Amino acid sequence: MPKLHDYDQVPGCTMYATLNLISGKWKGMILYHLMKGTMRFNALKRELGDCSQRLLIKQLRELEADGLVERTVYAVVPPRVDYSITEEGRSLEPILLDLRGWGEGWLRRRGLIARDDQTAPTLRP
């Protein structure tokens with residue numbers, strides 16, 4: 001189903017509305033990494049690994065359009081663009097960390113360990 005941009009047409013299901021905002025292979029991971037702080041495009045791309053540049057740009061634009069990510073462009077040479085999570089995006093922090101915790105338990109029950117266990121962000125006080 002295509003992503004809805006006309007929020008007057010979002011169905012009555014709040015779960016659908018939420019998942020519509022964060023759906024996409026990389027959106028959750030982008031938000032998760034931006035919880036650590038502002039990042040430049042290439043640093044974010046390195047964190048994601050397999051995500052293509054084209055797809056990362058598309059996902060960042062959608063997150064920005066939905067008010068979850070902020071893009072700051074600096075008028076310098078070479079051009080500098082920073083991405084940060086907005087307050088609206090920060091409201092997803094407990095949900096993302098709960099998803100991470102669930103995934104950690106799921107992996108542990110199968111005897112597996114995730115690579116990111118050392119670099120996991122924590123909630124702000």
Side-chain angles (χ1 to χ4, degrees):
M1 177 163 290
K3 180 160 178 54
L4 297 176
H5 289 286
D6 182 354
Y7 294 102
D8 293 333
Q9 295 182 22
V10 173
C13 177
T14 55
M15 186 65 163
Y16 179 85
T18 303
L19 291 175
N20 192 49
L21 287 172
I22 61 172
S23 67
K25 184 173 181 180
W26 298 101
K27 285 184 181 178
M29 293 300 298
I30 291 166
L31 292 168
Y32 175 77
H33 287 293
L34 288 177
M35 285 172 20
K36 297 181 234 177
T38 300
M39 297 179 83
R40 294 180 76 173
F41 180 85
N42 285 333
L44 190 53
K45 185 166 181 344
R46 274 191 302 274
E47 289 286 335
L48 297 176
D50 293 339
C51 184
S52 72
Q53 181 170 326
R54 181 178 176 191
L55 184 54
L56 179 54
I57 290 169
K58 179 182 183 292
Q59 300 275 275
L60 284 165
R61 284 182 182 159
E62 289 178 9
L63 288 167
E64 183 182 11
D66 292 332
L68 302 176
V69 167
E70 182 175 55
R71 179 178 184 258
T72 306
V73 180
Y74 297 92
V76 295
V77 177
R80 177 180 163 198
V81 179
D82 286 345
Y83 292 92
S84 58
I85 195 166
T86 64
E87 285 305 311
E88 187 86 44
R90 277 243 178 252
S91 67
L92 289 166
E93 209 170 87
I95 296 164
L96 294 170
L97 291 176
D98 281 348
L99 284 170
R100 181 191 178 279
W102 184 89
E104 185 179 56
W106 186 87
L107 290 170
R108 190 178 323 116
R109 289 187 295 277
R110 284 152 182 79
L112 303 169
I113 299 172
R115 291 185 314 228
D116 73 341
D117 281 345
Q118 306 307 90
T119 62
T122 56
L123 281 172
R124 292 187 313 180

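Small disclaimer: the values here were computed from a predicted structure and weren't measured.
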Q: Please examine the side chains of Leu99 and Tyr32, heavy atoms only from C-beta on, and report whether any two atoms are closer than 4.5 Å.
A: no

**Q.** Connected via hydrophobic side-chain network under 4.5 Å: Met29 and Trp102
**A.** no

(Q) Rounded to the nearest 0.5 Å, what separates atom CG in Leu107 from atom CD1 in Ile113? (A) 9.5 Å

Q. Under 4.5 Å between any side-chain heavy atoms of Leu48 and Ile30, yes or no?
A. yes

Q: Please report the shortest heavy-atom distance between Leu97 and Met35, naming the atom on each side.
A: CD2-CE, 3.5 Å

(Q) If you count heavy atoms of other groups shown closer than 6.0 angstrom to CZ of Arg54, is the number above 12? (A) no

**Q.** Spacing of Arg71 atom CZ and Leu60 atom CG [to the nearest 0.5 Å]
**A.** 9.0 Å

Q.
So, applying side-chain hydrogen bond (donor to acceptor under 3.5 Å, both in side chains) with Arg90, which one of Glu93, Glu88, Glu87 is it?
A. Glu93

Q | Under 3.5 Å donor-acceptor, Lys45 side chain and Leu56 backbone | A | no

**Q.** With Arg110 via side chain to side chain contact (heavy atoms under 4.5 Å, CB included) - residues at least two apart
**A.** Trp106, Leu112

Q: Report, as yes or no, whether the 6.0 Å neighbourhood of atom CZ on Arg80 holds more than 12 heavy atoms from other residues, nucleotides or ligands.
A: yes

Q. Are Ile85 and Leu68 close enough, and set up right, to give a side-chain contact (heavy atoms from CB on, under 4.5 Å), and what steps lead you there?
A. CA-CA 6 Å; Ile85 195 166; Leu68 302 176; 5.9 Å; no

Q. Between CD1 of Ile22 and CG of Leu96, what distance do you get to the nearest 0.5 Å?
A. 6.5 Å

Q. Does Thr38 use its side chain to pair, donor to acceptor, with the backbone of Asp82 at less than 3.5 Å?
A. no

Q.
Show the nearest heavy-atom pair for residues Met39 and His33, with the distance to one decimal.
A. SD-O, 3.7 Å

